[in-house]
Amino acid sequence: MIKAIRGTRDLLPPETALWNFVESAVRDVFRAYNFQEIRTPIFESTELFARGVGEDTDIVAKEMYTWEDRGRAASEKGQSLTLRPENTAGVVRAYIEHDLWQCGLNKLYYIGPQFRRERPQKGRYRQFYQIGAEVIGPPSAGSESPARDAEVLEMLATLLDRLGIAGWNLELNSVGCPNDRAAFNEALRKALEPVVGKMCADCQRRAVTNPLRVFDCKVPEDQPIIDALPRIGQFLDEGCWKHFDAVQEILTRVGVRFSLNDRLVRGLDYYTRTAFEFTHGALGAQNAILGGGRYDGLSEALGGPAAPGIGFAIGEDRLVMSLQESASAEAAVRKPDVYVAPLGAGMNAEAARLARELRRHDLAVELGDESFRLKKSFEAATKAGAKYILIVGENEVKADAFAVKNLATGEQVAVARGELARRIQGE
RNA sequence: GUGGGAAUAGCUCAACUGGCAGAGCACCGGACUGUGGCUCCGACGGUUGCGGGUUCGAUUCCCGUUUCCCACCCCA
């Protein structure tokens, strides 16, 4: 049997209804904040991700689906292409390519699949779905303002509340400017040097490859050592501090709760200043439901104009997962309003006419078959969860009035053809 | 990529120390030829993930492999 390949999966009904529920809530909320949708290609030049995400990040170094495209001629070398591992680089590429800065401040969102070749586990797939948004534009349009950071964070709080996600937590930090980070990295290496020998094996490795990751360590014995390490905050310049303070000030004033986490570091090279994560319990080790931050230098790194921005990506797989355990999950599935049951030979055509008419009135209609005995039609209607069953038999056609039975109450009435839609809609 | 656990009917799971592969639910049909849910009866359903090995005999023990789950790395 041919199966879905490792790390990919089919999303089946009724779960797909939940995905649609999430996505339509997302679109509603984003619209209220004047974000508009962008759809970028699912694959891009490998170079885009190498430059945008960072050569040395794990994503680019070992987690991308990359292949060499065919050249036009057999002898010609094709270019290297990659399935997008995230969507920010593609959005910024499009921003540059289409001169979108001429529109001032751009507020763009996307919903779609991304691909990383990681070991699958719960909430982590090789084809996974992200919902993200970016605010990007020339500094003169206010793209650099802490007001943008706060607006994005407040929007996310609104979205999670709207979805009924209980118990989310917003963790906030500032990772400063590139200069600050360089100084911090240097200080961190120095501070680690004398103590790293006493730390766990993982930390000894991290100290060499990626010192920032030492902050992720969960080994209890290492915590006192980590607590004594320098923090990024000590290296922020005045501008970064003012920015960070202003973001917190606005969040407090609009009533979005958050906690500061000076251990929160981001893996992607392009992040500057504000970094954040929304976490949610009951997701196992993958407890981050969304993350994001500011990326003031990304556009220029990709050869574009100065275009500070801030964005985030929601792991939709995980979002849906945490929703399945909450109450709002139920409402998502729309059951048929009415089951149309043709009864006896020759009744399919009449049933189809009636179904067409009812559907024109925006009713959800399931249609049976004239070969079914009435009992079977009732069973099918009940199983489908229809509110009503409409019987289309010889008697009805003769009288031009149709038996309509409420499957929940058992109440049954004869309804004239012209009244059917109103009758079914009305109750 | 590393380490651990798991895989049996559509689903959830049994099967003693190695001895005929089962149940509940679901599905289909009937009891009931124009009235569902409840009940009763019946039928269907399997190369026990895949490939080797040991054995008279393997769902069971061993080796390999694939996938999923958990953790790590890393990350949304």
Side-chain angles (χ1 to χ4, degrees), chain A residues 1-9 12 53-54 56-64 85-88 113-126 128-132 156 200-203 205-206 209-210 212-213 216-219 264-268 271 275-280 283-293 311-322 339 341-345 347 368 370-396 402-412:
Chain A
M1 185 179 25
I2 299 175
K3 296 189 291 188
I5 62 174
R6 180 173 207 194
T8 71
R9 59 188 179 142
L12 306 170
V53 178
D56 299 328
T57 61
D58 271 40
I59 295 178
V60 172
K62 56 183 201 193
E63 293 172 3
M64 295 204 304
E86 56 94 54
N87 218 327
T88 298
Q114 321 289 337
F115 304 85
R116 284 182 206 169
R117 200 176 183 293
E118 298 177 285
R119 184 82 169 249
Q121 57 181 282
K122 198 174 193 64
R124 159 179 290 184
Y125 304 96
R126 289 181 167 185
F128 59 104
Y129 295 81
Q130 283 189 334
I131 297 166
L156 285 167
C200 67
D202 279 341
C203 281
R205 182 177 39 72
R206 290 179 183 127
T209 60
N210 195 353
L212 287 180
R213 284 289 147 208
D216 291 338
C217 179
K218 285 154 197 135
V219 177
L264 178 65
V265 289
R266 311 255 69 201
L268 277 46
Y271 283 112
F276 59 87
E277 243 172 45
F278 283 74
T279 56
H280 186 257
L283 282 177
Q286 316 300 324
N287 69 338
I289 205 167
L290 72 90
F312 61 85
I314 302 171
E316 191 175 2
D317 305 78
R318 289 182 199 173
L319 184 65
V320 168
M321 202 183 300
S322 55
Y339 183 98
L343 181 63
M347 289 297 143
E370 64 184 28
S371 68
F372 295 172
R373 295 192 328 190
L374 191 59
K375 173 187 162 60
K376 181 167 169 174
S377 290
F378 266 85
E379 284 170 348
T382 303
K383 193 167 19 165
K387 291 200 256 312
Y388 292 91
I389 185 167
L390 167 63
I391 298 165
V392 185
E394 269 181 49
N395 301 343
E396 282 78 8
F402 298 83
V404 173
K405 183 169 185 179
N406 183 319
L407 285 164
T409 65
E411 181 198 4
Q412 179 168 330

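Chain letters run A, B, ... following the sequence lines, proteins first and then strands; every chain starts at 1.
With contacts defined as side-chain heavy-atom distances shorter than 4.5 Å, the pair A:L156/A:L290 qualifies. Put simply, the side chain of A:L390 does not reach to within 4.5 Å of the side chain of A:Y339, judged on heavy atoms. Within the 4.5 Å cutoff, the side chain of A:Q114 has no heavy atoms near those of the A:P85 side chain.
Rounded to an integer number of Å, the gap from A:K376 NZ to B:C32 P is 19 Å. Across the protein-nucleic acid pair, A:D58 atom CG and B:U2 atom C1' stand 14 Å apart, rounded to whole Å. To the nearest angstrom, C1' of B:U35 lies 11 Å from CD of A:E379. As rounded to whole Å, 12 Å separates atom C1' of B:G37 from atom CD1 of A:I389. What separates CG of A:D317 from P of B:C69 is a distance of 11 Å, to the nearest Å. Atom pair A:K122:NZ and B:C75:P shows a separation of 23 Å (rounding to whole Å applied).
On a pure distance criterion of 3.5 Å, no polar donor-acceptor pair joins the side chain of A:R124 and the base of B:C70.
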| field | Residues A:R9, A:D317; criterion side chain to side chain contact (heavy atoms under 4.5 Å, CB included); working and verdict | value | CA-CA 11 Å; A:R9 59 188 179 142; A:D317 305 78; 2.7 Å; yes
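If you check every strand for non-hydrogen atoms under 4.0 Å, A:K405 touches a base. As judged by a 4.0 angstrom heavy-atom cut-off over every strand, A:E316 is placed among residues making no nucleic acid contact. Within the nucleic acid shown, A:I314 has no heavy atom closer than 4.0 Å to any nucleic acid atom. Counting non-hydrogen atoms under 4.0 angstrom, A:I59 reaches nothing in the nucleic acid. Here A:R9 lies out of heavy-atom contact (under 4.0 Å) with every strand. Among the atoms of the strands shown, none is found under 4.0 Å from any heavy atom of A:G292. Residue A:G293 is classed as having no contact, given no heavy-atom separation below 4.0 Å to the nucleic acid. Contacts of A:F312 with the nucleic acid, taken as non-hydrogen atoms under 4.0 Å apart, are absent.
To the nearest whole angstrom, the two C1' atoms, one in B:G51 and one in B:A58, are 15 Å apart. Comparing B:C62 with B:G18, their P atoms are spaced 10 Å from each other, to the whole Å. The separation of B:G29 from B:C13, taken at their P atoms, amounts to 29 Å, rounded to a whole angstrom. Between the P atoms of B:A14 and B:C68, the separation comes to 22 Å (whole Å).
More than 12 heavy-atom neighbours from other residues, nucleotides or ligands sit within 6.0 angstrom of CD on A:E379.
Relative to the side chain of A:L407, the nucleotides B:G29, B:A76, B:G36 differ in distance, and B:G36 lies closest. In this structure, of B:A76, B:U33, B:C28, it is B:C28 that holds the atom nearest to the side chain of A:K383.
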Show each protein N/O and nucleotides 3-8 of chain B N/O combination with a separation under 3.5 Å, one pair to a line.
none

| message | What does the 5'-to-3' dot-bracket notation of RNA chain B look like when only Watson-Crick and G-U wobble pairs under 3.5 Å count, and pairs to other strands show as |? | response | (((((((..((((.....[..))))..((((.......))))......(((((..]....))))))))))))....
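Dashed line: the shortest gap from a side-chain N or O of A:Q121 to OP1 or OP2 of B:A71 is under 4.0 Å.
Among A:K122, A:R126, A:Q121, the single residue meeting the side chain to side chain contact (heavy atoms under 4.5 Å, CB included) criterion with A:R124 is A:Q121.
Nearest-nucleotide mapping onto RNA chain B: of A:Q412 and A:R126, the residue sitting toward the 5' end is A:R126. Annotation: of the two residues near RNA chain B, A:G7 and A:L374, the 5′-most nearest-nucleotide partner is A:L374.
The structure places CD1 of A:I389 at 5.5 Å from CD1 of A:I391, a figure rounded to the nearest 0.5 Å.
The aromatic ring of A:F128 is stacked on the base of B:A76, with the two ring centres less than 5.5 Å apart and the planes inclined by under 30°.
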